[in-house]
Colleague: 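First the structure, which I've put down as structure tokens, then a few questions once you've had a look.
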There are 2 protein chains.
Amino acid sequence: MLSKKTQYAFKALEYLAIEYGKGPVKIAEISKYQKIPLKFLENILVELKNAGMLESKKGKGGGYVLRVAPRNINLANVIRIINGPIALLPCVSLNFYEKCKDCDETTCGMRKMMIIARDATLRVLEKKTMADMIKGEIDVM
Amino acid sequence: MLSKKTQYAFKALEYLAIEYGKGPVKIAEISKYQKIPLKFLENILVELKNAGMLESKKGKGGGYVLRVAPRNINLANVIRIINGPIALLPCVSLNFYEKCKDCDETTCGMRKMMIIARDATLRVLEKKTMADMIKGEIDVM
DNA sequence: TTAATTCCTACCAATTTAGTAGGATATGCA
DNA sequence: TGCATATCCTACTAAATTGGTAGGAATTAA
């Protein structure tokens with residue numbers, strides 16, 4: 001399951017995706033409309049920024065903007081930044097790989113299954129973007 | 001990611017799948033060959049038993065056996081018993097559903113995406129079984 | 001009756017999660 | 001220059017989860 005932090009990250013990115021092209025958006029505004037605790041949201045946005053997903057501007061008129069268009073932000077990347085691995089086992093993770101001891105990777109049956117599961121999940125999460133996520137929501141907000 | 005407990009559960013079930021049809025297998029034996037802490041394994045096997053996946057027999061000659069053939073045990077069920085939800089959000093879980101507040105389920109874009117991801121993952125995890133997992137391992141052990 | 005085995009209740013330390021607090025730093029504007 | 005407005009940084013906290021361990025009770029075979 002995704003942590004609440006990750007869910008908040010998606011909610012924040014949704015808002016920024018909808019506001020994309022309209023200039024910097026303040027943390028306080030995102031916090032208010034997406035109902036995310038302000039100080040917690042600060043942490044999240046800094047992480048997304050450090051990962052290269054957002055740009056920020058301090059001072060009056062400042063705030064956050066997406067660094068690339070919503071259609072170029074896929075869901076897998078967001079999850080990796082805030083939540084961590086997508087795979088079900090460390091030894092089948094593409095971005096957070098860790099060898100599991102007591103296990104021959106060439107023969108391990110569990111590993112084979114989890115690779116298949118991972119690929120199925122990734123095919124969706126790497127294809128779908130923030131643009132897909134906000135489809136149908138643009139008018140509502 | 002799956003907890004270590006869940007990984008141990010799979011390892012234990014692998015062993016029981018390989019030994020399927022040969023009578024009860026002792027915890028100590030599974031613990032030894034799959035390198036799982038004995039007392040921790042006890043907990044795991046009781047949980048799997050209470051969920052209906054195993055049968056047990058106490059006393060001399062006792063132990064655990066799979067209640068159904070390996071090909072009838074799908075991976076999704078094992079994960080649900082020991083690890084919990086497979087979906088990435090509570091509000092898209094089939095077996096552990098929880099409503100998320102501040103979210104209209106009919107329009108929520110995040111929810112739509114996570115349902116697609118869930119279905120992709122489940123198509124694999126519900127189709128693959130313990131029999132698939134031990135393929136190619138039977139001779140090794 | 002005894003040895004072997006599962007089963008039950010309870011506990012524990014370390015880590016992770018979900019935040020909060022308080023101030024430092026940078027920016028725009030008058 | 002100085003003030004208001006923002007982000008940014010460091011640190012702390014309580015509660016939950018994870019990954020076990022301890023000790024003995026209950027059951028069964030011989």
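Throughout, a chain's letter reflects where its sequence line sits, starting with A, and its residues are numbered from 1.
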Colleague: Check residues 95-104 of chain A and write down every donor-acceptor pair under 3.5 Å in which the side-chain atom is one partner and the other belongs to a residue at least two apart or another chain.
Modeller:
| residue | atom | partner | partner atom | Å |
| --- | --- | --- | --- | --- |
| A/Y97 | OH | A/E105 | OE2 | 2.6 |
| A/D104 | OD1 | A/T106 | N | 3.0 |
| A/D104 | OD1 | A/T106 | OG1 | 2.8 |
| A/D104 | OD2 | A/T106 | OG1 | 3.2 |

Colleague: Let me confirm one number: the CD-NZ distance from B/E19 to B/K22, rounded to the nearest 0.5 Å.
Modeller: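 One gets 4.0 Å once the value is rounded to the nearest 0.5 Å.
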Colleague: Below 4.5 Å, heavy atoms only, C-beta onward: do B/F10 and B/L2 meet side chain to side chain?
Modeller: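 Sidechains of B/L2 and B/F10: in contact.
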Colleague: To the nearest 0.5 Å, tell me how far A/T129 OG1 sits from A/D132 CG.
Modeller: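 These two atoms lie 4.0 Å from each other.
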Colleague: Atom CD1 of B/I82 and atom CE of B/M53: how far apart are they, to the nearest 0.5 Å?
Modeller: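 Going from the CD1 atom of B/I82 to the CE atom of B/M53 covers 8.5 Å.
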Colleague: Could you check whether any side-chain N or O of B/S31 sits under 3.5 Å from a backbone N or O of B/I27, counting only pairs where one atom can act as donor and the other as acceptor?
Modeller: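 Answer holds: no.
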Colleague: Between B/K5 and B/K60, who's closer to the 5' end of DNA chain D by nearest nucleotide?
Modeller: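 With B/K5 and B/K60 compared, the 5'-side residue is B/K5.
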Colleague: Could you state the CG-P distance from B/L2 to D/dT17, rounded to the nearest angstrom?
Modeller: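 It works out to 17 Å between those atoms.
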Colleague: Taking A/R111 for its side chain and A/C91 for its backbone only, find out whether a donor-acceptor pair lies under 3.5 Å.
Modeller: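 Yes: the side chain of A/R111 pairs with the backbone of A/C91.
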Colleague: Look at the side chain of A/Q34 and the backbone N and O of A/K11, then say whether any donor-acceptor pair between them is shorter than 3.5 Å.
Modeller: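 Yes; at least one donor-acceptor contact below 3.5 Å.
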Colleague: What is the distance, rounded to the nearest whole Å, between atom NZ of B/K4 and atom P of C/dT16?
Modeller: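 These atoms are roughly 13 Å apart.
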Colleague: Between residues 36-50 of chain A and DNA chain C, which residues have a heavy-atom gap below 4.0 Å?
Modeller: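 The answer is A/P37, A/K39, A/F40, A/N43.
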Colleague: Identify, residue by residue, the members of residues 87-98 of chain A with a heavy atom below 4.0 Å from DNA chain C, and return them in order of residue number, or none.
Modeller: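 Within this stretch, nothing sits under 4.0 Å of the strand.
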Colleague: Hey, which of these two, B/S3 or A/S56, hits DNA chain D nearer its 5' end, going by closest nucleotide?
Modeller: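 The residue mapped nearer the 5' terminus is A/S56.
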Colleague: Measure the distance from CE on A/M1 to P on C/dT17 and round it to the nearest whole Å.
Modeller: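 Nearest whole value for this atom pair: 13 Å.
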Colleague: Round to the nearest Å and state the distance from B/K58 atom NZ to C/dT6 atom P.
Modeller: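 Going from B/K58 (NZ) to C/dT6 (P), I get 10 Å.
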Colleague: Report the residue (B/G63 or A/K57) whose heavy-atom-nearest nucleotide on DNA chain C is the more 5′ of the two.
Modeller: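 Residue closer to the 5' terminus by nearest nucleotide: B/G63.
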Colleague: Determine yes or no for a side-chain-to-main-chain donor-acceptor pair under 3.5 angstrom, with A/N77 supplying the side chain and A/N74 the backbone.
Modeller: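 The answer is no, because no donor-acceptor pair under 3.5 Å joins these two groups.
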Colleague: To the nearest angstrom, how far is B/K26 atom NZ from D/dT28 atom P?
Modeller: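 Atom-to-atom, B/K26 to D/dT28, this comes out as 18 Å.
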Colleague: When you match A/G59 and A/Y8 each to their closest nucleotide on DNA chain C, which lands nearer the 5' end?
Modeller: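 First, find each residue's nearest nucleotide; the 5'-ward one identifies A/Y8.
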